[in-house]
Asks: 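Submitted below is the structure of interest, expressed as structure tokens.
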Protein chains: 2
Amino acid sequence: MIELTKREDQIMQIVWKLKNAFIRDIVEALPEPKPHYNTVATLVKILVKKGVLKSELIGNTHQYSPVDDFDAYREKQIGDIKEKFFENSFPKLVAHFAKKEKLTDDERAELIKIINSK
Amino acid sequence: MIELTKREDQIMQIVWKLKNAFIRDIVEALPEPKPHYNTVATLVKILVKKGVLKSELIGNTHQYSPVDDFDAYREKQIGDIKEKFFENSFPKLVAHFAKKEKLTDDERAELIKIINSK
DNA sequence: GTAGACCTACTAATTTATTAGTAGTTTGAA
DNA sequence: TTCAAACTACTAATAAATTAGTAGGTCTAC
């Protein structure tokens with residue numbers, strides 16, 4: 001299974017949100033203190049090698065985007081949380097958030113609709 | 001905010017589940033290839049220094065348990081997932097799992113009860 | 001009392017992750 | 001055309017994380 005380091009994960013979050021990005025976009029999106037351009041370029045190259053980003057040459061610079069089926073990584077992380085914190089129980093997970101979230105009646109209705117739609 | 005490395009997180013998961021543990025329990029619970037006893041001892045010591053584990057001397061060996069209010073760490077991780085993968089939307093999160101989980105009617109009923117209980 | 005198992009504290013080596021420098025290329029504006 | 005900005009590839013230094021060795025203490029079984 002693909003494993004990402006903290007920095008790598010942080011970069012992936014950005015690229016996911018942007019759908020595709022140049023190095024400079026990633027640097028831009030990173031919080032202060034921003035790492036060196038080449039630092040990001042190195043990380044991105046590693047991510048390409050790991051097979052989680054692909055690059056496309058636009059003009060003479062590379063644009064990066066997530067490899068399509070990389071959703072598996074999301075699934076794993078999400079599943080991990082369910083297992084780690086909720087004994088793999090979806091109802092427990094929902095109960096947790098429901099308590100935290102202080103839902104409005106509208107939201108409740110929406111959730112119930114979601115649950116009932118198979 | 002407290003940050004844990006992968007190994008540290010892995011150890012915390014074990015101690016959480018066991019409620020309290022000796023080093024040997026942790027080594028036991030770790031998957032192959034099991035790290036050296038002293039390796040775990042070192043990590044545990046770091047975790048004590050970070051304030052996420054506390055130790056109690058039982059006989060002449062230390063037993064470790066999570067510091068009580070360390071639930072904050074869980075909260076953060078859980079919240080992170082919601083933010084990272086569901087644009088901070090609880091309904092989106094529920095929708096995601098509801099689709100994955102193939103709920104039975106009983107489970108649906110249970111979830112609806114959870115959602116409606118304020 | 002001594003051998004073996006297991007613990008401790010301390011230290012340090014190794015590995016992995018992160019950072020960024022150098023040097024050379026392209027592009028566009030003055 | 002030449003300067004500056006921004007990119008590339010390549011390399012290497014630094015920092016952080018992980019691993020485990022050494023030496024010494026305690027307990028238990030023989």
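Chain letters run A, B, ... following the sequence lines, proteins first and then strands; every chain starts at 1. Computation of the quantities below employed the complete heavy-atom set of this structure, encompassing side-chain atoms and omitting hydrogens, waters and symmetry-equivalent molecules.
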Asks: Under 4.0 Å between a side-chain nitrogen and a carboxylate oxygen: does that hold for Lys6(B) and Glu3(A)?
Replies: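 Result for this pair is yes, salt bridge flagged.
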Asks: Using whole Å, what does the distance between atom C1' of nucleotide dA5(D) and atom CD1 of Ile23(A) come to?
Replies: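 Those two atoms, CD1 and C1', are 16 Å apart.
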Asks: Quick one: are Ser65(B) and Leu53(B) in side-chain contact, heavy atoms under 4.5 Å?
Replies: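 SC-SC contact between Ser65(B) and Leu53(B) ruled out.
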Asks: With respect to the phosphate group of dT19(D), does any side-chain polar atom (N or O) of Thr42(B) fall under 4.0 Å of OP1 or OP2?
Replies: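 So the side-chain polar atoms of Thr42(B) never come under 4.0 Å of the phosphate oxygens OP1 or OP2 of dT19(D).
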Asks: Any base atoms under 4.0 Å from Phe22(B), or only sugar-phosphate, or nothing? Heavy atoms, all strands.
Replies: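 No contact.
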Asks: Which residues pass the side-chain contact (heavy atoms from CB on, under 4.5 Å) test with His96(A), sequence neighbours left out?
Replies: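 With neighbours one apart ignored, the set is Phe86(A), Lys100(A), Glu75(B), Ile78(B).
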Asks: Whole-Å distance between dA16(D) P and Glu8(B) CD?
Replies: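 Glu8(B) atom CD is separated from dA16(D) atom P by 13 Å.
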Asks: By salt bridge (charged side-chain N to carboxylate O under 4.0 Å, His left out), which residues pair with Lys99(B), not counting sequence neighbours?
Replies: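 Once residues adjacent in sequence are excluded, Lys99(B) has no partner under the salt bridge (charged side-chain N to carboxylate O under 4.0 Å, His left out) criterion.
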Asks: Can you sort out the partners of Gln10(A) under side chain to side chain donor-acceptor pair (under 3.5 Å), two or more places apart, ordered by chain and number?
Replies: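 Partners of Gln10(A) by the side chain to side chain donor-acceptor pair (under 3.5 Å) criterion, ordered by chain and then number, come out as Arg7(A).
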Asks: So what does Thr61(A) touch, heavy atoms closer than 4.0 Å: a base, only the sugar-phosphate, or nothing?
Replies: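 Thr61(A): backbone/sugar contact only, no base atoms under 4.0 Å.
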Asks: Would you mind reading off the distance between Lys6(A) atom NZ and dT18(D) atom C1', rounded to a whole angstrom?
Replies: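 From Lys6(A) NZ to dT18(D) C1': 13 Å.
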Asks: What residues form a side-chain contact (heavy atoms from CB on, under 4.5 Å) with Gln77(A), not counting sequence neighbours?
Replies: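 Gln77(A) satisfies side-chain contact (heavy atoms from CB on, under 4.5 Å) with Asp9(A), Tyr73(A), Ile81(B), Lys84(B), Phe85(B) only.
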Asks: Go through the structure and list residues passing salt bridge (charged side-chain N to carboxylate O under 4.0 Å, His left out) with Glu110(A), not counting sequence neighbours.
Replies: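 Per chain and number, Glu110(A) pairs via salt bridge (charged side-chain N to carboxylate O under 4.0 Å, His left out) with no residue.
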Asks: How is Asn38(A) classified with respect to the nucleic acid when contacts are heavy atoms under 4.0 Å: base, sugar-phosphate, or nothing?
Replies: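 It contacts base atoms.
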Asks: Looking across every strand, which nucleic acid part, if any, lies under 4.0 Å from Thr39(B) by heavy atom: base, sugar-phosphate, or nothing?
Replies: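 Base contact.
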Asks: Report yes if some heavy atom in the side chain of Val52(B) is under 4.5 Å from a heavy atom in the side chain of Met12(B); otherwise report no.
Replies: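 Heavy-atom side-chain distance check passes, below 4.5 Å.
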Asks: Using a cut-off of strictly less than 4.0 Å between a heavy atom of the residue and any atom of DNA chain C, enumerate the qualifying residues of residues 24-31 of chain B by number.
Replies: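 By residue number: Arg24(B).
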Asks: Rounded to whole angstrom units, what separation is found between the CD atom of Gln10(B) and the C1' atom of dT19(D)?
Replies: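 In whole Å, dT19(D) C1' and Gln10(B) CD are 14 Å from each other.
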Asks: Which nucleotide span of DNA chain C, 5' end to 3' end, has atoms closer than 4.0 Å to non-hydrogen atoms of chain A?
Replies: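 Going 5' to 3' along DNA chain C, contacts run dA17(C) to dT27(C).
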Asks: Just jot down the side-chain contact (heavy atoms from CB on, under 4.5 Å) partners of Lys34(B), sequence neighbours excluded, or say none.
Replies: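 Partners of Lys34(B) under the side-chain contact (heavy atoms from CB on, under 4.5 Å) test: Val27(B), Glu32(B).
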Asks: Give the rounded distance in Å between these two atoms: CD1 of Ile11(B) and C1' of dA17(D).
Replies: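 The distance from CD1 of Ile11(B) to C1' of dA17(D) comes to 12 Å, rounded to the nearest Å.
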Asks: Indicate every side-chain donor-acceptor pair of residues 17-24 of chain A with a distance under 3.5 Å to a residue at least two apart or in another chain.
Replies:
| unit_1 | atom_1 | unit_2 | atom_2 | d |
| --- | --- | --- | --- | --- |
| Asn20(A) | OD1 | Gln63(A) | NE2 | 3.1 |

Asks: Mind calculating the distance between CD1 (Ile58(B)) and P (dC27(D)) to the nearest angstrom?
Replies: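 The answer, rounded to whole Å, is 15 Å.
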Asks: Could you work out, with side-chain contact (heavy atoms from CB on, under 4.5 Å) as the rule, every residue matching Thr42(B), not counting sequence neighbours?
Replies: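 With sequence neighbours excluded, Thr42(B) shows a side-chain contact (heavy atoms from CB on, under 4.5 Å) to Ile46(B), given in chain and number order.
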Asks: Tell me the interatomic distance from Tyr37(A), atom OH, to dA9(D), atom C1', rounded to whole angstroms.
Replies: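 Checked: the OH to C1' distance equals 12 Å.
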Asks: Considering only residues two or more places apart or on different chains, which pairs with a residue in residues 37-52 of chain A satisfy salt bridge (charged side-chain N to carboxylate O under 4.0 Å, His left out)?
Replies: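 Qualifying pairs: Glu8(A)-Lys50(A).
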Asks: To 10°, what angle do the rotation axes through the five end pairs on each side of the helix from dG1(C)-dC30(D) to dA30(C)-dT1(D) form?
Replies: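 That helix has its two terminal axes inclined by roughly 0°.
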